[in-house]
Novice: 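Before anything else, here's the structure in question.
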Amino acid sequence: MTTAMDPTSARTGNFADVHDVGSVVQAGTIQHVSVTGTNRWWPALAVPRQLPQTMPGFTGRQEQLRFLDAQLPAEDRDNHPEAVVITAVDGTGGVGKTTLALHWAHQVEPLFPDGSLFVNLRGYGPGDPLSAGEALEGFLQALGVPGEMIPPRTESRAGLYRSLLAGKRMLIVLDNANTAGQVRPLLPGNSGCLVLVTSRASLTGLVVTTSARRMALDLMDPDEARSMLRTFIGADVSAASPGRVDELIKLCARLPLALRIAAARVAEGDLTIADLVAELTDERARLDTLSMSDDEEATVRAVFEGSYRTLDPATSRVFRLLGLIPGPDIGTHAAAALAGLDLPAIRRLLSKLATAHLIEPAGRHRYRIHDLLHSYAAERAGLENTRVEREQAQRRLVEWYAQQVAAAKLITHPPSSADPFREPIAEDLPLLELSSIDDATAWWDDEATNVSAILRWSSTNTALFKLTVMLLYGAAGTFTRRGRWTDVVDVLESTVAAAQRSGDQVIEAHLLCQLAEFLWDMPERNAVRAIEVAEQGLALAERLGRPSIMCWALNTLALISLAQRRYADAVRHLQRALPLSDGYQNGRMEGVIEGNLSEAHTHLGNHEQAIDHAERERVLRRRAGDVEGLEFASPFHFALAYQSHGRHAEAVRICDDALARLRKHRDHPRSAGRLLDVMAGSLVVLGDHRRATACWEEALAVYEVFDLPRAAEVRAQLRGE
């Protein structure tokens, strides 16, 4: 019995491996996802407790706290919550929405035994708002789903998220939302959860469509502002000059963020209250505050200006450079590279900035910069750093990410050959030491959004073109495994254009081949466009006399033919590619082509030829040191060929052995799906229908996660159609 496969999931000449860990995800359709109890593909994690630390010295807001207390889920007589409760806190930027939300959330967190989730949706500030899909990716990882098993589409992620929250009591804080549409996919579907949303907008749509309770947070009243200042600067200092305190409150517009920054300067002893009031009275910052009181950016800029001038030169330089980062946060090692400093120095300076509330801790060795502060830092960098200084800092940052991504890739996927895009870069960059796959995966969890942001930014910078290509080469496989195809395709499109502008046709041909693979690999597959781009790469490689690139393009065209079940066309492309592959990637590419020939001949019914090509694939991959291909791709081709030849017991044995390795390493979910699918087909012939059903259910879980066409066929087989 031959089982029709999705050949595109058999990875290609530019082998894009897929990490797998995780629990089995099952789906009747991609919009409805549930989780089985087998936990065979990802381990259970500890209860997530994501709330960031609260602001010390919280005071006031008693009326608002009572309002939030009243929103706690009511319970019926059976002690079950009646419904999910959604509360939206809105107000001007810097008014203290997040501080209030986190203070209250920490107080009530014990009432939610299944955990708490937190995300900054970046609705207002530099850069684009966080998409619902990106937020769901973080939540799913916190709930135990590894990045490699997270569905690519937002709707599918939302369905899986709601399934995982079913029957649980969780507290979910959605901070800094932009629109109701950004929030809706993040809402659980079950009762028992409480969602707290903060936004500068009123989110009226959320109130109308979800019955959210809205609370508008206004400026602090004078008594609350005085209490806050007493907490931060001490009762004695505050009592010594009550008039000055009131004046300071007025100059800070009773805005909590401005009051905290002002109080920090006084508490550090750099200035007296009178000195600070004098500064705010005499400087342009005060005029901004008074004349643009309806513009929170201008108001906050005044407070930032007064705080910024207290920094020593080294600390202020780091603060300015942080305005150049395109992502929402930064790790200590990346900050050291950005500033050109060693780790002890950057840690000391970042600590000073955190103490001054100009940045915020965002986890171990990571810092987040508030959106308005980020804008202000960028503004100061433009005023105080020369263009050359800014460009050098940005180049160091891209160099660091290119090196760190390469280091992570070495751990997760040791190369078969040298990086073809290696660009000479600084050798003294302070790389983060990654010693295991778990380390590399955790690093990617922290940095995927930043890497994407840096790629998007650097791909538009001609001076950083080759570094962008290097970073893209290292990151593309991981983005594929995490379902971030759009990130890579967008950057590839920009980088192809940059290659054309630069006149570097060799890199252009490489990028066209890579772009063709991603266009075909995305859930929203575009075969016409993928073929067109692959043929462009092939034609350019022919003109340049580059056989290895020609080989890559032909293999991509063959994979598309395999997926479209045009097996004779696939054989034609592969036979043309085979002599061009000699020596490419130390012989690995030749092994890849032999494996794809085996698959094509299997479907053509040429059983002996299929087995012969699989044998040659195994020899070539072993000779090239291609461990992952030898352990996962080669067994698939052997099993498929044996199954087609009627040797079902051998096919099952091969699949069993390979799956044991996959489960041990928790890697390559798509490889697991293919092997499970083949094994199920042979088990049916052998009469083991119970085990066959279990294998197809596991295979379907993978196919649904990656939105592969084969999912519909497996689902039909499970229904007995």
Novice: Ignoring hydrogens, what is the shortest heavy-atom contact between Gln564 and Ala527? Give both atom names and the distance.
Specialist: NE2-CB, 3.4 Å
Novice: Should Glu704 and Arg715 count as an ion pair when the cut-off is N to O under 4.0 Å?
Specialist: yes
Novice: Backbone N or O of Arg691 within a donor-acceptor pair of the Asp688 side chain at under 3.5 Å?
Specialist: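 Such a contact is found between Asp688 side chain and Arg691 backbone.
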Novice: Using side-chain heavy atoms (C-beta onward) and a distance below 4.5 Å, is Phe638 in contact with Glu615?
Specialist: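 Yes, their side chains come closer than 4.5 Å.
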Novice: Tell me, do Arg157 and Thr154 make a side-chain contact under 4.5 Å, heavy atoms counted?
Specialist: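 Not in contact.
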Novice: Should Phe139 and Leu164 count as side-chain neighbours, where that means a heavy-atom distance under 4.5 Å?
Specialist: no
Novice: Is it the case that over 12 heavy atoms from other parts of the model lie below 6.0 angstrom from the CG atom of Asp657?
Specialist: yes
Novice: Within the side chain of Gln404, is there an N or O that forms a donor-acceptor pair under 3.5 Å with the backbone of Leu432?
Specialist: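 Confirmed, Gln404 side chain pairs with Leu432 backbone.
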Novice: Once you round to the nearest 0.5 Å, how far does CD of Gln717 lie from CZ of Arg719?
Specialist: 10.5 Å
Novice: Do Arg588 and Asp626 meet the salt-bridge criterion of a basic N to acidic O distance under 4.0 Å?
Specialist: yes
Novice: Could you tell me whether Arg529 and Glu493 make a salt bridge, using a distance below 4.0 angstrom between a side-chain N and a carboxylate O?
Specialist: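 Here Arg529 pairs with Glu493 in a salt bridge, since their nearest N and O are under 4.0 Å apart.
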Novice: If I compare all heavy atoms of Pro635 with all of Ala658, which pair ends up nearest, and what's the gap?
Specialist: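 Taking Pro635 first and Ala658 second, the nearest heavy atoms are CB-CB, 3.9 Å.
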Novice: Dump the intermediate steps for side-chain contact (heavy atoms from CB on, under 4.5 Å) on Val491 and Arg456, then the final yes or no.
Specialist: CA-CA 6 Å; Val491 172; Arg456 290 176 182 274; 4.0 Å; yes
Novice: Is it the case that the side chain of His637 and the backbone of Ala614 share a donor-acceptor pair, with hydrogens and angles ignored and the cut-off at 3.5 Å?
Specialist: no
Novice: With a 4.0 Å cut-off on N to O distance, would you call Arg565 and Glu713 a salt bridge?
Specialist: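 Yes.
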Novice: Can a donor-acceptor pair be found, under 3.5 Å and without considering hydrogens, that links the side chain of Asp439 to the backbone of Ser435?
Specialist: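 Yes, Asp439 side chain to Ser435 backbone: donor-acceptor pair under 3.5 Å.
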Novice: Within the distance-only criterion (no hydrogens, no angle test), does the side chain of Ser598 pair as donor or acceptor with the backbone N or O of Glu594 below 3.5 angstrom?
Specialist: no
Novice: Just checking, is any N or O donor in the side chain of Trp552 or Glu517 under 3.5 Å from an acceptor N or O on the other one?
Specialist: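 Yes, Glu517 and Trp552 have a side-chain donor paired with an acceptor closer than 3.5 Å.
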Novice: Where is the tightest heavy-atom contact between Asp445 and Gln141, given as atom of each residue plus distance?
Specialist: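 Smallest interatomic distance, heavy atoms only, reads OD1-NE2, 3.3 Å.
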Novice: Can you tell if the side chain of Leu718 reaches within under 4.5 Å of the side chain of Thr693, non-hydrogen atoms only?
Specialist: yes
Novice: Step by step, would you call Arg661 with Asp656 a salt bridge (charged side-chain N to carboxylate O under 4.0 Å, His left out)?
Specialist: CA-CA 9 Å; Arg661 290 190 293 271; Asp656 257 335; over 6 Å; no
Novice: Any side-chain heavy atom of Ser131 sitting closer than 4.5 Å to one from Glu134?
Specialist: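 A side-chain contact exists here, since the closest heavy-atom pair is under 4.5 Å.
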Novice: For atom CZ of Arg546, is the number of surrounding heavy atoms from other residues, nucleotides or ligands below 6.0 Å larger than 12?
Specialist: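 Check fails, neighbour count at 12 or below.
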Novice: Let me see the working for Val592 and Arg621 under side-chain contact (heavy atoms from CB on, under 4.5 Å), right down to the final yes or no.
Specialist: CA-CA 8 Å; Val592 169; Arg621 287 187 186 271; 3.5 Å; yes
Novice: Measuring from Leu472:CG to Leu515:CG, what's the distance to the nearest 0.5 Å?
Specialist: 10.0 Å
Novice: Between Arg572 and Asp569, does any NZ, NE, NH1 or NH2 come within less than 4.0 Å of an OD or OE carboxylate oxygen?
Specialist: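 Looking at Arg572 together with Asp569, the answer is yes, because their closest N to O distance falls below 4.0 Å.
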Novice: Any side-chain to backbone donor/acceptor pair from Ser581 onto Leu578? Under 3.5 Å, distance only.
Specialist: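 At least one qualifying donor-acceptor pair exists.
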Novice: Nearest 0.5 angstrom please: Cys695 SG to Leu683 CG, how far?
Specialist: 5.5 Å
Novice: For the residue pair Tyr161 and Leu117, establish whether any side-chain heavy-atom pair is separated by less than 4.5 Å.
Specialist: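 Side chain of Tyr161 against side chain of Leu117, heavy atoms only: contact under 4.5 Å found.
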Novice: Spell out, as yes or no, whether a donor-acceptor pair under 3.5 Å connects the side chain of Ser452 to the backbone of Ala448.
Specialist: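 No, because the side chain of Ser452 does not come within donor-acceptor range (under 3.5 Å) of the backbone of Ala448.
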Novice: Using every non-hydrogen atom in the two residues, find where Trp443 and Val405 come nearest and quote the distance to one decimal.
Specialist: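 Looking at all heavy atoms of both residues, the shortest contact is CH2-CG2, 3.8 Å.
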Novice: Flag the pair Arg49 and Asp114 as a salt bridge only when some basic side-chain nitrogen lies within less than 4.0 angstrom of an acidic carboxylate oxygen.
Specialist: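 Result for this pair is no, no salt bridge flagged.
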Novice: With a 4.5 Å cut-off on side-chain heavy atoms, are Leu562 and Leu559 touching?
Specialist: yes
Novice: Do Asn450 and Glu447 have side-chain atoms, one donor and one acceptor, less than 3.5 Å apart?
Specialist: yes
Novice: Could you grab the distance from atom CG of Leu143 to atom CE of Met170, nearest 0.5 Å is fine?
Specialist: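 Taking CG in Leu143 and CE in Met170, the distance rounds to 5.5 Å.
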Novice: Do Arg674 and Phe636 form a cation-pi contact, if we require the NZ or CZ to be under 6.0 Å from the six-membered ring centre and within 45 degrees of the ring's axis?
Specialist: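 Judged by the rule, Arg674 and Phe636 form a cation-pi pair.
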Novice: Mind checking the CG-CD spacing from Leu512 to Glu532? Nearest 0.5 Å is all I need.
Specialist: 10.0 Å
Novice: What do the steps show when you test Ser116 against Gln50 for side-chain hydrogen bond (donor to acceptor under 3.5 Å, both in side chains), and what is the final call?
Specialist: CA-CA 6 Å; Ser116 52; Gln50 289 195 326; over 6 Å; no
Novice: I'd like to know whether Arg543 forms a salt bridge (charged side-chain N to carboxylate O under 4.0 Å, His left out) with Glu508, so could you lay out the CA-CA distance, the side-chain angles of the two residues, the decisive distance to 0.1 Å, and finally the verdict.
Specialist: CA-CA 12 Å; Arg543 290 199 302 271; Glu508 181 187 351; over 6 Å; no
Novice: Given His613 and Glu599, is the side-chain hydrogen bond (donor to acceptor under 3.5 Å, both in side chains) satisfied, shown in steps?
Specialist: CA-CA 9 Å; His613 283 296; Glu599 184 174 345; over 6 Å; no
Novice: Is a donor on one side and an acceptor on the other found under 3.5 Å between the side chain of Tyr703 and the backbone of Val714?
Specialist: no
Novice: Heavy atoms, side chains only, cut-off 4.5 Å: are Leu538 and Thr556 in contact?
Specialist: no
Novice: If you compare all heavy atoms of Ser634 against all heavy atoms of Leu630, which two are closest, and at what distance to 0.1 Å?
Specialist: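 Looking at all heavy atoms of both residues, the closest pair is CB-O, 3.7 Å.
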Novice: Locate the shortest heavy-atom distance separating Ala641 from Ile611; write the atom from each residue and the value.
Specialist: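 That closest heavy-atom pairing would be CB-CG1, 3.9 Å.
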Novice: To the closest 0.5 Å, what do you measure between CG (Leu136) and CG (Leu160)?
Specialist: 9.0 Å
Novice: Check the pair Leu544 / Val506 against side-chain contact (heavy atoms from CB on, under 4.5 Å), numbers first and verdict last.
Specialist: CA-CA 7 Å; Leu544 296 172; Val506 174; 4.2 Å; yes
Novice: side-chain contact (heavy atoms from CB on, under 4.5 Å) between Met589 and Cys551: does it pass, once the steps are laid out?
Specialist: CA-CA 8 Å; Met589 190 62 181; Cys551 173; 3.6 Å; yes
